[in-house]
Amino acid sequence: MKFSELSKSSQGEMIQLPLDITVRGLAFDSRQIAIQSGVVFFAISGQNHDGHQFINDAYEKGVRLFVIEREVKMKADASYFLVKDAIAAMQGMAKSQRSEFNYPVIGITGSNGKTIVKEWLAQMLDDQFDIVKSPKSYNSQLGVPLSVWAMGHHHNLGIFEAGISEVGEMERLERVIGPTLGIFTNIGEAHNAGFKDLSEKAMEKAKLFVHAQKVIYCASHDTLKQALTKTVSQTTQLIPWKIKEQKGKKYVLDVQEKELSFFLKYDDPASVENIMHCTAMLVVLGYDQEFIQLRLNRLSSVKMRLEMKQAINRSYVIDDTYNNDLYGLEVALDFLGRQNQRSKKTVILSDLYQTGLSSDALYQRVNELLQKNNIQKFIGVGNEINQSRACFHIPAKFYSSTQDLLESGYAPNDEIVLVKGARDFEFELIVNSLEQKAHGTILEVNLENLIHNLNYYRSKLAPETKIMVMVKALAYGGGNFEIANLLQFHKVDYLGVAYADEAVELRKNGIHIPIMIMNVSPASFRLLKEYNLEPEIYSLDQLIDFLDYYESMQDLPAIHIKLETGMNRLGFTESNLQRLIEQLKLNKQLKVKSIFSHLAGSEDPRHADYTKQQGERFERMSTTIMESLWYKPMRHIVNTGGIVNYPELHFDMVRLGIGLHGFDPTQTEQGKLKIVSALKCSVSQVKKIAAGESIGYGRSGFAKKDTTIAIIPIGYADGYLRAFGNGTGQMLVNDQLVPTIGNICMDMTMVDVTDVPVKSGDEVVVFGEKPNISELAEWIKTIPYEILTNVSQRVKRVFLSE
Ligand SMILES: *Cc1c(COP(=O)(O)O)cnc(C)c1O
């Protein structure tokens with residue numbers, strides 16, 4: 001299809017067509033762009049995200065074809081047309097791709113387990129078929145067309161997942177996927193907002209199967225059966241399965257009037273259900289018990305995200321050992337490319353499987369990707385990649401096996417290493433050897449959720465309102481460079497920090513967007529100029545020091561003027577405004593970037609009058625200053641709470657802090673945010689304590705009866721405050737909340753696990769989804785801010801991304 005034909009079939013209005021070329025790929029997110037020519041970038045303006053902002057990124061990556069929803073400035077050699085709905089245009093394009101192929105396509109939907117069922121099904125069938133499947137959990141209105149677009153003539157089975165959040169969406173996905181076979185995993189309470197009730201939700205989801213030949217579901221879910229019967233066509237065969245019997249790890253599956261028994265190695269209830277969906281599908285496809293059991297034995301767990309971990313020698317390792325296809329490599333390389341905190345980048349890659357390309361073509365392509373992404377060093381592991389070593393034109397080393405690489409003594413140094421391999425290469429061994437292992441406790445930071453929250457707050461702003469994100473205190477404990485990096489990529493306008501050193505560290509780690517510093521002492525004036533940093537000026541004395549220091553300079557650093565409007569902290573008061581204005585008039589070379597103030601109680605409606613007063617004072621004071629200037633500085637006053645409660649006070653910019661981390665200080669929209677951080681460790685030891693014995697320092701905890709305790713490797717030096725001791729705090733172990741017992745130690749905590757089956761090595765959640773930071777804060781009568789910023793620097797941060 002030529003670009004002009006795509007325009008016609010999408011009823012687009014062609015604006016510019018310097019070159020009409022054949023469409024070869026589609027993208028809606030600049031990170032998903034493959035390097036071949038012919039990629040069309042669809043600029044989608046959603047509620048929380050505006051693809052038009054990423055047009056330049058896409059252009060810089062080499063894209064010249066664009067489908068856009070509103071006019072923006074375009075380069076002369078870009079072809080583009082306008083449509084009302086870019087998502088619909090993209091879906092139309094994927095649908096026509098889908099119609100080229102007649103091989104079976106399995107569609108999967110349901111509330112939980114879609115991705116795992118898809119991945120496991122692919123693991124069980126990957127030596128029988130050349131499979132094309134959704135990458136990661138790409139199951140949305142955008143993810144589905146992107147997945148289906150990858151269908152090719154060298155495949156003979158498609159497996160795609162579909163997820164919806166409101167009525168009307170599934171029809172669109174059904175048209176794109178056109179599944180011939182289906183799996184309806186289950187229906188749960190999750191994501192209910194877009195539906196009247198459970199049965200409406202089930203009926204909507206069932207629409208994925210309206211034209212399917214066969215649909216598999218679990219007989220014990222009544223809602224599924226009702227929804228399917230009401231929705232699918234007469235010719236669709238419904239295939240329920242159930243578990244007839246279970247003894248230990250042996251399960252008897254009843255499907256299509258057969259009873260087959262299997263041993264399962266994953267036997268928690270969710271895994272059993274997921275495995276049985278896959279097993280039933282294999283039965284339907286005609287495989288026998290023995291064949292299926294062999295595949296079940298080989299299943300390996302599915303990691304849903306790539307993880308960036310702090311590694312030895314000031315390095316990071318990006319762990320993406322879960323799949324290894326070209327598309328996944330592109331996504332991972334892009335993630336790597338966005339990490340500016342180290343300039344040296346290395347990729348360790350195993351043989352790639354099932355790409356439909358010849359070895360040489362494949363590895364030439366990999367080489368291009370590596371070059372394009374400025375990778376300095378490559379390490380290839382496996383026989384195939386070894387044989388194609390001539391394809392690589394960057395410094396490279398090759399090993400025939402993972403073991404060989406491990407024995408070579410490889411160690412990174414001040415770099416970021418992407419580790420990406422097919423399952424059977426067991427690259428987790430490499431990750432283990434590179435990870436920093438000083439300490440078993442980790443703070444997991446979910447970067448996708450962080451961006452979700454950013455976009456949520458952005459959706460509350462007028463399009464022209466700017467956003468400053470406060471990343472002081474290690475980005476509220478989350479990790480400075482990594483989060484700042486991501487915010488920079490997502491085009492926030494400003495970063496705010498407390499001290500000059502924090503800002504210098506950001507600059508040294510690849511952050512180039514403007515940074516405001518709140519507390520600048522004369523000792524750090526030198527750094528401002530050197531690192532292009534902008535200080536907050538809050539008093540006359542400070543202003544005079546600043547002007548003295550930069551006395552003879554014409555281009556001194558721009559400043560932000562802080563006004564005192566009611567916080568009674570730093571800032572110019574109304575009474576010293578005139579003297580400030582005199583100074584500004586005297587020093588015309590001084591550029592005031594913004595005038596701002598801070599609200600004392602924006603989160604709480606009880607302080608609404610006070611907040612309004614602050615707003616009025618700010619308006620009055622800032623207007624007085626602006627009247628004396630010949631240009632117009634920005635104005636800003638709201639923090640997270642104010643973004644929600646006081647849209648009338650947004651002015652030119654807002655300052656987002658805790659909301660980014662998934663905590664709504666107003667407590668009115670908590671459901672719209674996603675939890676970002678989880679503090680986790682694993683049980684060191686489990687011990688039986690006889691009734692009457694004491695536990696820990698100071699002997700403040702006693703076993704009232706015979707008690708089992710677990711020792712957890714986290715203490716007050718990690719930020720788990722001593723106030724949590726003696727039952728005040730709880731941790732989640734094997735899905736149950738267990739209380740602390742005795743005093744918290746510097747590096748350890750004991751919890752009472754008498755009623756919970758626990759063994760050493762089991763995961764412990766200190767905070768996360770459950771218990772969440774608000775609960776922890778309540779237990780010790782503090783605020784979530786303090787819980788987050790307490791997590792000590794010695795706790796390793798692990799960053800998760802899709
Ligand atoms: C920390 C801070 C913010 C962010 O506050 P949140 O309540 O976390 O949104 C905004 N402005 C200033 C001046 C701050 O110091």
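Remember, it's 1-based here, ligands and their atoms both numbered in the order they're listed.
Within 4.0 Å of ligand 1, counting heavy atoms only, the contacting residues are Met470, Lys472, Tyr476, Met518, His598, Asn639, Thr640, Arg655, Gly657, Ile658, Tyr785.
Listed by first and then second residue, the ring-ring contact (aromatic ring centres under 6.0 Å, His included) pairs involving residues 548-571 are Tyr494-His560, Phe525-Tyr549, Phe546-Tyr550 (not counting sequence neighbours).
Ring-plane geometry between Tyr785 and Phe663 is classed as perpendicular, the angle between the planes exceeding 60 degrees on a 0 to 90 degree scale with a lower cut at 30.
Residues satisfying the side-chain hydrogen bond (donor to acceptor under 3.5 Å, both in side chains) criterion with Arg507, sequence neighbours excluded, are absent altogether. When the salt bridge (charged side-chain N to carboxylate O under 4.0 Å, His left out) test is applied to Glu603, no partner is found at least two apart in sequence or on another chain.
A salt bridge is defined here as a Lys NZ or Arg NE, NH1 or NH2 lying under 4.0 Å from an Asp or Glu carboxylate O, and Lys491 with Asp50 fails to meet this definition. Electrostatic pairing of Lys466 and Asp652 does not count as a salt bridge here, judged by no charged N lying under 4.0 Å from a carboxylate O.
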